[in-house]
Amino acid sequence: MKAITTDFEYLPATTVEEALDLLSQRKDDDYKIIAGGQSLNTAMKHRLIAPAYIIDIKGVSDLDFIKFDEKEGLKIGALTTHRSLEKSEIVRQKYAVLCEMEENVASVETRNWGTVAGDLCNADPAVDPAPPLIALDAKIKVSSKDEEKTFDAEEFAVDFYETVVQPGEMVTEIQIPVLPPNTGVYFTKYSQMQGDYALASVAVSITLDKKKDVCANARIGFAGVGSTPIRAKQAEEVLKGKKITEALLAEAAEVAKTEINPVSGIEGSADYKRELAGTLLKRVGKVAFERAQKA
Ligand SMILES: Cc1cc2nc3c(=O)[nH]c(=O)nc-3n(C[C@H](O)[C@H](O)[C@H](O)COP(=O)(O)OP(=O)(O)OC[C@H]3O[C@@H](n4cnc5c(N)ncnc54)[C@H](O)[C@@H]3O)c2cc1C
């Protein structure tokens, strides 16, 4: 068997321009970006990948930011760590669901190093930030030397460990709009141990009408139950224009179970994960509704 070489050339960048320049000079498959290294180092250590060049963006301080504006909403730079998001006062005030989600991502050590963007780019199907980002209608900004593109959070991952990011491109920002009035958002994940990847996770956002009587809008994001995170659009439709009740949430859960596509593994069968996802949706939807009533 041919041994995989672990030699690589290390190319650090300190500005976005430098990073994009370095990216534009590389061939399609000979490099990897490193941010916090929490997933990349593991993949290299297990010899799953052996890039010839490592482009280090950890020193690009321009990308380490969390900004909130009442018109534009929240902007999270690509170097924002899980821990910074978890501990951000403005995020807790305006988008508490993100802090709640972060509290159960891996361990504090991993959250201190790992970036939210790096987690999305690693594209594990059970990635925790994806469901709340889908529920919050987030966009992911992808930049290259020549252009900038934005993708809806639910379009970002395209398969197991694959995203829309093309050679020469990098994620620079995550953008989340201001929450509409009367909106409640909640997320939960079910995992075998605290801090493990989820067997299934779901986030629900419910916006009530002015009288707080019926559901004006709903967004539902799942992870762990398909090759990528999934937006359950048909289940959202079940909720829209109706009074939220436990029976309606149960109906939405049945529909959502047809939109997801879990795979069997040692931690549970596909059928088990499908049932689990439906149960989580009912519970999470109820809390999102209660939050919307109080918002
Ligand atoms: C023990 C352990 C437990 C974990 N548990 C969880 C969990 O429960 N839930 C969860 O969601 N995650 C979990 N993770 C994953 C962890 O959150 C990610 O490893 C981390 O966030 C990745 O960020 P990073 O900055 O370290 O990325 P890196 O490891 O540096 O990079 C990861 C991948 O993303 C690419 N990349 C990084 N930044 C960019 C960018 N800006 N643009 C384009 N590509 C980029 C890299 O090339 C690489 O392919 C766990 C990880 C570990 C090690």
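Atoms within a ligand are numbered from 1 in the order they appear, just like the ligands themselves. Quantities reported herein were computed from a predicted structural model and do not represent experimental measurements.
Put simply, the side chain of Leu40 does not reach to within 4.5 Å of the side chain of Ile33, judged on heavy atoms. Residues Tyr186 and Glu100 are in side-chain contact: their nearest non-hydrogen atoms beyond the backbone lie under 4.5 Å apart. For the pair Val116 and Ile174, the minimum side-chain heavy-atom distance is below 4.5 Å. Using a 4.5 Å heavy-atom cutoff, the side chains of Pro125 and Tyr161 are in contact.
Of the protein's non-hydrogen atoms, Val171 N, 2.9 Å is the one closest to atom 42 (N) of ligand 1. Among protein heavy atoms, atom 49 (O) of ligand 1 sits closest to Lys32 NZ, 3.7 Å. The nearest heavy-atom contact from the protein to atom 44 (N) of ligand 1 is Cys121 SG, 3.4 Å. Scanning the protein for heavy atoms near atom 53 (C) of ligand 1, the closest one is Gln38 O, 3.7 Å. Atom 4 (C) of ligand 1 has Ala106 CB, 3.3 Å as its closest protein atom, hydrogens excluded (heavy atom only). Counting protein heavy atoms only, atom 47 (O) of ligand 1 is closest to Ile33 O, 2.6 Å. Ranking the protein heavy atoms by distance from atom 14 (N) of ligand 1 puts Tyr197 OH, 3.2 Å first.
Between the side chains of Thr172 and Ser143, a donor-acceptor pair is found at a separation under 3.5 Å.
Only the side chain of His82 comes within 4.0 Å of ligand 1, counting heavy atoms alone; its backbone N, CA, C and O stay farther away. The parts of Thr115 lying near ligand 1 are both backbone and side chain, judged by heavy-atom distances below 4.0 Å. Of all the heavy atoms of Ile57, the ones lying under 4.0 Å from any atom of ligand 1 belong exclusively to the side chain.
Shown in contact with Asp128 at under 4.0 Å from a heavy atom are these atoms of ligand 1, numbered in order with element: 7 (C), 8 (O), 9 (N), 10 (C), 11 (O). Counting atoms of ligand 1 from 1 in the listed order, those under 4.0 Å from a heavy atom of Thr110 are 51 (C), 52 (C). The distance from ligand 1 to the heavy atoms of Ile34 drops below 4.0 Å at these ligand atoms: 30 (O). Taking a cut-off of under 4.0 Å to the non-hydrogen atoms of Asp196, the atoms of ligand 1 that pass are 8 (O). Here is the list of ligand 1 atoms found below 4.0 Å of a heavy atom in Gly114: 20 (C), 21 (O), 23 (O), 24 (P), 25 (O), 26 (O). Shown in contact with Met170 at under 4.0 Å from a heavy atom are these atoms of ligand 1, numbered in order with element: 42 (N), 43 (C).
Taking all heavy atoms of Val127, Leu40, Thr80, Asp124 into account, the minimum distance to atom 48 (C) of ligand 1 is reached by Leu40. Looking at Ile54, Ile140, Asp119 and measuring to atom 22 (C) of ligand 1, the nearest heavy atom belongs to Asp119. Ranked by closest heavy atom to atom 28 (P) of ligand 1, the top entry among Gly37, Ser143, Gly118 is Gly37.
Taking 4.0 Å as the cut-off, Asn122 counts as a neighbour of ligand 1 on heavy-atom distance. Contact between Lys189 and ligand 1 is present, with at least one heavy atom of the residue lying under 4.0 Å from the ligand. Pro129 counts as a contact of ligand 1, since one of its heavy atoms falls under 4.0 Å from the ligand.
Glu259 has no carboxylate O lying under 4.0 Å from a charged side-chain N of Arg231, or vice versa, which leaves the two without a salt bridge. A salt bridge is defined here as a Lys NZ or Arg NE, NH1 or NH2 lying under 4.0 Å from an Asp or Glu carboxylate O, and Lys273 with Glu267 meets this definition. Residues Glu86 and Arg111 are paired through a salt bridge, judged by an N-O separation under 4.0 Å between the basic side chain and the carboxylate. Salt bridge annotation for Lys94-Glu70: present, with a cationic side-chain nitrogen under 4.0 angstrom from a carboxylate oxygen. The pair Glu155-Lys139 does not count as a salt bridge, with every side-chain nitrogen at least 4.0 angstrom from each carboxylate oxygen. Glu236 has no carboxylate O lying under 4.0 Å from a charged side-chain N of Arg219, or vice versa, which leaves the two without a salt bridge. For the pair Lys233 and Glu154, the salt-bridge criterion is not met [side-chain N within less than 4.0 Å of a carboxylate O].
Arg274 pairs by the salt bridge (Lys or Arg N to Asp or Glu O under 4.0 Å) definition with nothing, not counting sequence neighbours.
Inclusion of Ser39 in the set of residues having an N or O under 3.5 Å from an N or O of ligand 1 is warranted. The N/O atoms of Thr42, backbone and side chain alike, include none that comes under 3.5 Å of an N/O atom in ligand 1. Checked by distance only, ligand 1 and Gly195 come closer than 3.5 Å through their nitrogen or oxygen atoms. In terms of polar-atom proximity, defined here as any N/O pair under 3.5 Å, Ala35 does make such a contact with ligand 1. Residue Ala78 has no nitrogen or oxygen atom sitting less than 3.5 Å from a nitrogen or oxygen atom of ligand 1, judged on distance alone.
Open room surrounds CZ on Arg283; 12 or fewer heavy atoms of other groups in view lie less than 6.0 Å from it.
Relative to the ring axis of Phe65, Lys67 places its NZ or CZ within 45° and under 6.0 Å from the centre.
Distance alone, capped at 3.5 Å, is enough to place a donor-acceptor pair between the Asp209 side chain and the Asp213 backbone.
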